[in-house]
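See below for the structure under consideration.
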Amino acid sequence: METPGLAVHGEAAPFSTALRSLLNNPQYSDVCFVVGQERQEVFAHRCLLACRCNFFQRLLGPKLGPGTPSPVVLSTVPAEAFLAVLEFLYTNSVRLHRHSVAVTFGLGPLQERCIAFIEAHSQEALRTRGFLELSAPALLPLLRSDKLCVDEAELVLAARSWARVGAAVMERPVAEVAAPVVRELRLALLAPAELSALEEQNRREPLIPVEQIVEAWKCHALRRGDAARGAPCRRRRGTLPREHHCFLDLPFK
């Protein structure tokens, strides 16, 4: 029986450093992206991106042909977020800062790391420009998280700001832009006075479907949460205590 060969492992740090040196480096690159509204040029290496990410494998497939392709335009992706994605693909790690929020391209491990960072620095993240530029698919897993260190009243305000920016950019109504994500707001956590104020603001600037507000009022009227609906009554890590929380069925998990 053949004896297995000896596996020799090099040090991970120098390898990662060497690959990091290729980030946005025009030397040996064979693809150029034009990213964000500022149209920033970002240089990359097609074979590395394709083997690390299905999104780029589809984007940079044979249709581009050999040699140096024309720039790939990604005008809706902030340059800072795109560079964070590339850093993760090249080095299997990424350095995130409190002022930045990365938009991911269906990358499970990176998405998990980004969400964990935002969960730990929720209030800072909500105030960034990057948060306002998140796509609806990127925002959804955040609003579904129980571990956000922020109160629901602040999340409602953040969601409204996010929807206003999207509405201005896409020239669509705020409620239409907010529709894919606003269902994840847990209005039953708000006190009656807060819910009344939200209802009044919603009349002036529609954001939340009326039936969603009605469901929150139902929790107050019945003095119980709706266990069948789950998350709308479940407290987050940063939820401030309110008197009515004692009769909600679902505590923070």
Side-chain angles (χ1 to χ4, degrees), residues 98 101 103 115 118-253:
R98 293 192 176 196
V101 179
V103 178
I115 291 174
I118 296 171
E119 286 170 341
H121 307 92
S122 304
Q123 292 188 346
E124 298 98 321
L126 293 183
R127 300 189 190 105
T128 64
R129 174 184 172 184
F131 173 80
L132 298 176
E133 294 175 343
L134 285 175
S135 66
L139 182 56
L140 272 174
L142 294 178
L143 294 183
R144 288 170 178 162
S145 172
D146 292 345
K147 298 179 181 179
L148 289 176
C149 295
V150 65
D151 186 65
E152 208 65 25
E154 291 184 66
L155 271 183
V156 172
L157 292 175
R160 188 178 293 278
S161 296
W162 173 84
R164 283 171 175 165
V165 170
V169 171
M170 295 183 280
E171 298 183 344
R172 291 163 52 193
V174 169
E176 183 181 332
V177 172
V181 301
V182 76
R183 290 281 182 187
E184 304 302 327
L185 295 173
R186 305 178 185 182
L187 303 186
L189 297 176
L190 300 178
E194 295 172 305
L195 200 52
S196 293
L198 174 63
E199 193 171 21
E200 178 59 33
Q201 185 176 15
N202 207 58
R203 291 192 186 99
R204 299 193 301 269
E205 181 186 36
L207 174 75
I208 300 170
V210 174
E211 56 270 21
Q212 187 176 350
I213 297 177
V214 170
E215 286 296 323
W217 278 118
K218 187 185 297 184
C219 289
H220 287 279
L222 298 178
R223 297 188 63 79
R224 64 177 176 81
D226 187 350
R229 298 194 64 211
C233 297
R234 191 164 61 240
R235 284 172 274 186
R236 305 181 197 267
R237 181 178 291 165
T239 300
L240 297 176
R242 293 167 175 81
E243 184 178 353
H244 75 286
H245 289 176
C246 63
F247 62 75
L248 293 180
D249 292 336
L250 300 172
F252 165 75
K253 294 184 179 179

For Leu198 and Arg203, what are the C-alpha separation, side-chain angles and deciding distance, and is it a side chain to side chain contact (heavy atoms under 4.5 Å, CB included)? CA-CA 9 Å; Leu198 174 63; Arg203 291 192 186 99; over 6 Å; no
Atom CD1 of Ile213 and atom CG of Leu190: how far apart are they, to the nearest 0.5 Å? 10.0 Å
Gap between atom CZ of Arg236 and atom CD of Glu152 - 0.5 Å precision: 4.0 Å
Pairwise side-chain contact, His245 with Thr239, heavy-atom cut-off 4.5 Å (strictly under): yes
Can I get a per-line list of side-chain donor-acceptor pairs under 3.5 Å for residues 167-176, giving both atom names and the distance, sequence neighbours left out?
{"from": "Arg172", "atom 1": "NE", "to": "Glu176", "atom 2": "OE2", "distance (Å)": "3.0"}

Give the minimum heavy-atom separation between Leu140 and Pro180, together with the two atoms involved. CD2-O, 3.4 Å
Please name the pair of heavy atoms, one in Val181 and one in Ala136, separated by the smallest distance, quoted to 0.1 Å. CG1-O, 3.7 Å
Glu184 side, atom CD; Gln212 side, atom CD - distance, nearest 0.5 Å: 9.0 Å
State, with a plain yes or no, whether a side-chain heavy atom of Arg129 is found less than 4.5 Å away from one of Val165. no
Nearest non-hydrogen partners of Ile118 and Ala125, listed with the distance: CG2-CB, 3.8 Å
Measuring from atom CD of Gln201 to atom CZ of Arg204, what distance do you get when rounded to the nearest 0.5 angstrom? 5.5 Å
For the pair Arg235 and Asp151, find out whether any cationic side-chain nitrogen is under 4.0 Å from an anionic carboxylate oxygen. no
Go through the steps to decide whether Arg183 and Glu211 satisfy the test salt bridge (charged side-chain N to carboxylate O under 4.0 Å, His left out), and finish with yes or no. CA-CA 10 Å; Arg183 290 281 182 187; Glu211 56 270 21; 3.1 Å; yes
Where do Ala163 and Leu207 come nearest, in terms of heavy atoms and distance? CB-CD1, 3.9 Å
State whether the side chain of Thr128 and the backbone N or O of Glu124 hold a donor-acceptor pair below 3.5 Å, judged by distance alone. no
Please step through side chain to side chain contact (heavy atoms under 4.5 Å, CB included) for the pair Leu195 and Glu200, ending with a clear verdict. CA-CA 9 Å; Leu195 200 52; Glu200 178 59 33; over 6 Å; no
Taking NZ, NE, NH1 and NH2 as the nitrogens, is one of them in Asp146 or Arg237 under 4.0 Å from a carboxylate oxygen of the other? no
Of all the heavy-atom pairs spanning Glu194 and Ala153, show the shortest one and how long it is. OE2-CB, 4.1 Å
What are the two closest non-hydrogen atoms of Trp162 and Phe131, and how far apart are they? CD1-O, 3.4 Å
Just do the side chain to side chain contact (heavy atoms under 4.5 Å, CB included) check on Val156 and Val182 with the steps written out, would you? CA-CA 9 Å; Val156 172; Val182 76; over 6 Å; no
With rounding to the nearest 0.5 angstrom, report the CG to CG distance, Leu148 to Leu126. 7.5 Å
Ser145 side chain vs Leu142 backbone, donor-acceptor pair below 3.5 Å: no
Is a side-chain N or O of Arg186 found less than 3.5 angstrom from the main chain of Arg144, in a donor-acceptor match? yes
Inter-residue atom distance Cys149.SG - Gln123.CD, 0.5 Å rounding: 8.5 Å
Using only atom types and a distance under 3.5 Å, with no angle test, would you say the side chain of His244 pairs donor to acceptor with the backbone of Ala191? no
